[in-house]
Amino acid sequence: MSEITSEVIFKKENGESVSLLEKYVGLHSRAEGMLTINFRTPEAEMNDLKEFFESFQSDQIVKVDIGGTGDIDCSFKGMSPILPQTDNAGFPYFTLSVTLQDINKMKAYNESPGCGCG
């Protein structure tokens, strides 16, 4: 039995990936399998994220592996501008939000119910 790691990995279909410690990543699940991923990172990590995500086209596949639990296939929906911030101690950090849609949950929402009422 393997342990859950403290790493979140985002992967492109071509094998390119970017990984971050989970402390820099906030996941928010919304209706119809939509996921908002909020990043709050130092500048070096944000540069890696920007380079990784800015090449995505809408609906392109991105795989997300949270803590080594396996890939979740998602459809890329968009990203926010990167915003510079400063914490209470005066240290700079950057924020970015990326919106994805879990493909398996998206299919479940789009299937008609088996009752003949859909």
Side-chain angles (χ1 to χ4, degrees):
M1 189 172 187
S2 62
E3 289 189 31
I4 295 177
T5 67
S6 62
E7 188 175 41
V8 180
I9 304 169
F10 300 89
K11 305 171 190 173
K12 293 183 181 180
E13 289 184 309
N14 67 6
E16 184 182 344
S17 67
V18 64
S19 66
L20 291 162
L21 292 175
E22 52 101 18
K23 70 179 182 178
Y24 296 134
V25 182
L27 299 169
H28 301 282
S29 182
R30 301 190 334 233
E32 297 183 12
M34 297 299 284
L35 298 169
T36 301
I37 303 169
N38 297 313
F39 300 99
R40 179 182 168 160
T41 71
E43 187 171 11
E45 285 84 355
M46 187 56 67
N47 289 335
D48 291 344
L49 287 170
K50 178 184 178 205
E51 185 177 311
F52 183 80
F53 282 110
E54 72 183 358
S55 66
F56 274 94
Q57 301 296 316
S58 183
D59 292 325
Q60 188 173 350
I61 301 300
V62 58
K63 295 177 182 288
V64 182
D65 182 353
I66 302 167
T69 59
D71 290 342
I72 301 167
D73 290 336
C74 294
S75 175
F76 178 81
K77 297 300 180 185
M79 67 185 255
S80 72
I82 295 170
L83 300 174
Q85 307 282 330
T86 305
D87 68 13
N88 292 337
F91 292 103
Y93 66 92
F94 296 83
T95 61
L96 168 69
S97 291
V98 172
T99 303
L100 305 175
Q101 188 169 23
D102 182 324
I103 291 174
N104 292 326
K105 289 185 180 175
M106 177 177 65
K107 288 177 185 174
Y109 279 104
N110 289 333
E111 291 176 359
S112 62
C115 63
C117 56

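Fair warning: this is a prediction, and the values are worked out from it, not measured in the lab.
Neither Ile103 nor Ile72 shares a network with the other; the hydrophobic side chains, linked directly or stepwise wherever heavy atoms of I, L, V, M, F, W or Y lie under 4.5 Å apart, form separate groups for each. Leu100 and Leu27 end up in the same hydrophobic cluster when Ile, Leu, Val, Met, Phe, Trp and Tyr side chains are linked at under 4.5 Å. Ile82 and Val8 fall within a single hydrophobic cluster, where Ile, Leu, Val, Met, Phe, Trp and Tyr side chains are chained together by heavy-atom contacts under 4.5 Å. Val25 and Leu83 are assigned to two separate hydrophobic clusters, defined by single-linkage of ILVMFWY side chains at heavy-atom distances under 4.5 Å. Linking Ile, Leu, Val, Met, Phe, Trp and Tyr whenever their side-chain heavy atoms come within less than 4.5 Å puts Tyr24 and Met79 in one cluster.
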Scan the side chains in residues 41-53 for donor-acceptor partners under 3.5 Å anywhere in the protein, sequence neighbours excluded, and list what turns up.
| residue | atom | partner | partner atom | Å |
| --- | --- | --- | --- | --- |
| Thr41 | OG1 | Met46 | N | 3.3 |
| Asn47 | ND2 | Glu43 | O | 3.4 |

Which atom pairs, donor and acceptor, lie under 3.5 Å between side-chain atoms of residues 86-95 and protein residues at least two apart or in another chain?
| residue | atom | partner | partner atom | Å |
| --- | --- | --- | --- | --- |
| Asp87 | OD1 | Ala89 | N | 3.0 |
| Asp87 | OD1 | Gly90 | N | 3.0 |
| Asp87 | OD1 | Phe91 | N | 2.8 |

List the atom pairs, with distances to 0.1 Å, where a side-chain N or O of residues 57-66 and a protein N or O form a donor-acceptor pair under 3.5 Å, not counting sequence neighbours.
| residue | atom | partner | partner atom | Å |
| --- | --- | --- | --- | --- |
| Asp59 | OD1 | Ser75 | OG | 3.0 |
| Asp59 | OD1 | Lys77 | NZ | 2.3 |
| Gln60 | OE1 | Gln57 | N | 3.0 |
| Lys63 | NZ | Asp73 | OD1 | 2.7 |
| Asp65 | OD1 | Gly68 | N | 3.0 |
| Asp65 | OD1 | Thr69 | N | 3.0 |
| Asp65 | OD1 | Gly70 | N | 3.2 |

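Every residue two or more places apart in sequence or in another chain that forms a side-chain hydrogen bond (donor to acceptor under 3.5 Å, both in side chains) with Ser19 is listed here: Glu7. For Thr36, the side-chain hydrogen bond (donor to acceptor under 3.5 Å, both in side chains) partners two or more places apart in sequence, or in a different chain, are Arg30.
Residue pairs meeting the salt bridge (Lys or Arg N to Asp or Glu O under 4.0 Å) criterion with at least one partner in residues 8-23, sequence neighbours excluded, are Lys11-Asp71, Lys12-Glu16.
The shortest non-hydrogen separation linking Asp102 to Cys74 is CA-SG, 4.0 Å.
Annotation: side chain of Val98 is not in contact with side chain of Phe56 (no heavy-atom distance under 4.5 Å).
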